[in-house]
Amino acid sequence: MNKLRTALSTALAAALGLAALATAPVQAAAQPAFLAAAQMPPSSTPWTATQVFTGVPENGGVLCAPYKIPAQNTRYREFSTELGTNGVQVTNVARTEADAVKLVDTLRRALAGCGPLLEQQNPGLQAVSASHGKLAVEEGAWVYSLDTADPQIGISDIHLFSVGRDGRTVTLVRWGQMGDLGDAPLTAFRTTTKTAVNKLH
């Protein structure tokens with residue numbers, strides 16, 4: 001009987017070990033969650049969201065930070081409304097936490113200096129970047145705005161951006177529409193940012 005119990009215990013331990021190995025790849029493959037359409041700032045018409053895609057958006061990233069986010073280990077989701085309000089969330093899982101910190105710093109510098117850079121690249125364009133502070137969520141998130149106007153064609157646009165981090169995972173969220181900063185839902189965008197960072201893991 002003792003030999004039988006020993007054999008059963010050994011078999012059970014082996015089975016549990018195999019089960020752990022079987023579940024390990026699933027856990028390792030777990031991806032950060034993304035915002036749902038309803039979690040974007042309120043709009044007069046409902047938001048819709050695409051599926052989550054692998055890589056970066058076609059322009060290499062987002063306005064103000066093109067090609068700053070590596071395509072490897074990156075996914076994104078785009079958002080839109082019937083009235084032309086739009087947005088995107090891009091999320092990257094860095095190799096190490098130190099790499100994630102560097103990516104956040106790179107994106108923050110790009111967003112903070114976006115206005116002057118756009119004016120330099122587009123003569124006649126008026127562009128103003130502004131920082132709207134840090135949010136207390138996980139390892140932190142930072143909010144920025146970009147107000148642009150083209151006097152020649154009479155169009156102005158406002159964009160809100162945020163960069164946040166949870167461990168090795170970095171996410172960037174953008175919201176945009178026609179108008180100026182007074183038309184932007186800054187308070188609601190802060191809430192959206194906190195939700196995005198909290199959903200990462």
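The shortest non-hydrogen separation linking Val170 to Ala100 is CG2-O, 3.6 Å. In terms of heavy-atom proximity, Leu103 sits nearest to Ile69 at CD1-CA, 4.4 Å. Shown here for Trp47 and Pro42, the closest heavy-atom pair between the two residues is NE1-C, 4.4 Å. Closest non-hydrogen pair, Glu78 versus Pro57, comes out as OE2-CB, 4.4 Å. Contact record, Gly167 with Glu139: N-OE1, 2.5 Å, taken as the closest heavy-atom pair. Pro70 and Val56 get closest at one heavy-atom pair: O-CG1, 4.0 Å.
Residues Ser43 and Glu82 fail the side-chain proximity criterion, which asks for heavy atoms closer than 4.5 Å. Met40 is listed as a side-chain neighbour of Leu35, based on a closest heavy-atom distance under 4.5 Å. Contact annotation: the side chain of Thr74 approaches that of Val90 to within less than 4.5 Å [non-hydrogen atoms, C-beta and beyond]. The shortest distance between side-chain heavy atoms of Asn198 and Val137 falls below 4.5 Å. Counting heavy atoms from C-beta outward, Thr171 and Val163 have side chains that stay 4.5 Å or more apart. At least one side-chain heavy atom of Pro32 sits less than 4.5 Å from a side-chain heavy atom of Val93.
At distances below 3.5 Å, not a single donor-acceptor pair connects side-chain atoms of Asp157 with backbone N or O atoms of Thr148. With hydrogens and angles disregarded, a donor-acceptor distance shorter than 3.5 Å links the side chain of Asp183 to the backbone of Asp180. With Thr192 contributing its side chain and Ala188 its backbone, the two residues share a donor-acceptor pair below 3.5 Å. Listed for the Arg168 side chain is a donor-acceptor partner under 3.5 Å among the backbone atoms of Ala94.
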CA sep, side-chain torsions, deciding dist, call: Val88, Arg77, side-chain contact (heavy atoms from CB on, under 4.5 Å): CA-CA 6 Å; Val88 65; Arg77 166 175 277 173; over 6 Å; no
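Between the side chains of Thr85 and Gln177, at least one donor N or O sits under 3.5 Å from an acceptor N or O. In this model, no donor atom of one side chain and acceptor atom of the other lie less than 3.5 Å apart for Asn73 and Arg95. Side chains of Thr96 and Asp99: a donor on one and an acceptor on the other come within 3.5 Å. Defined by atom type and a distance below 3.5 Å, a donor-acceptor pair is present between the side-chain atoms of Thr48 and Ser80.
A search for ring pair (Phe, Tyr, Trp, His ring centres under 6.0 Å) contacts involving Phe34 returns nothing, not counting sequence neighbours.
To the nearest 0.5 Å, atom OG1 of residue Thr91 and atom NZ of residue Lys199 are 10.5 Å apart. If you take CG on Leu186 and CG on Leu160, they are separated by 6.0 Å, rounding to the nearest 0.5 Å. Going from atom CG of Leu200 over to atom CD of Gln31 covers 11.5 Å, rounded to the nearest 0.5 Å.
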Below 3.5 Å, can you tabulate the donor-acceptor pairs from side chains in residues 104-114 to any protein atom, sequence neighbours excluded?
residue : atom : partner : partner atom : Å
Thr106  : OG1  : Lys102  : O            : 3.0
Arg108  : NE   : Tyr144  : OH           : 2.9

Compile the donor-acceptor pairs under 3.5 Å between side chains in residues 121-133 and protein atoms, sequence neighbours left out, one pair per line.
residue : atom : partner : partner atom : Å
Asn122  : ND2  : Leu118  : O            : 2.9
Ser129  : OG   : Gly115  : N            : 2.7
His132  : NE2  : Ser145  : OG           : 2.8

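Judged as a disulfide bond (SG atoms under 2.5 Å apart), not a single pair has a partner in residues 143-201 (not counting sequence neighbours). Every pair tested for ring-ring contact (aromatic ring centres under 6.0 Å, His included) that includes a residue from residues 81-107 fails, sequence neighbours excluded, so the list is empty. Evaluation of the disulfide bond (SG atoms under 2.5 Å apart) test over residues 168-201, restricted to residues two or more places apart or in two chains, returns none.
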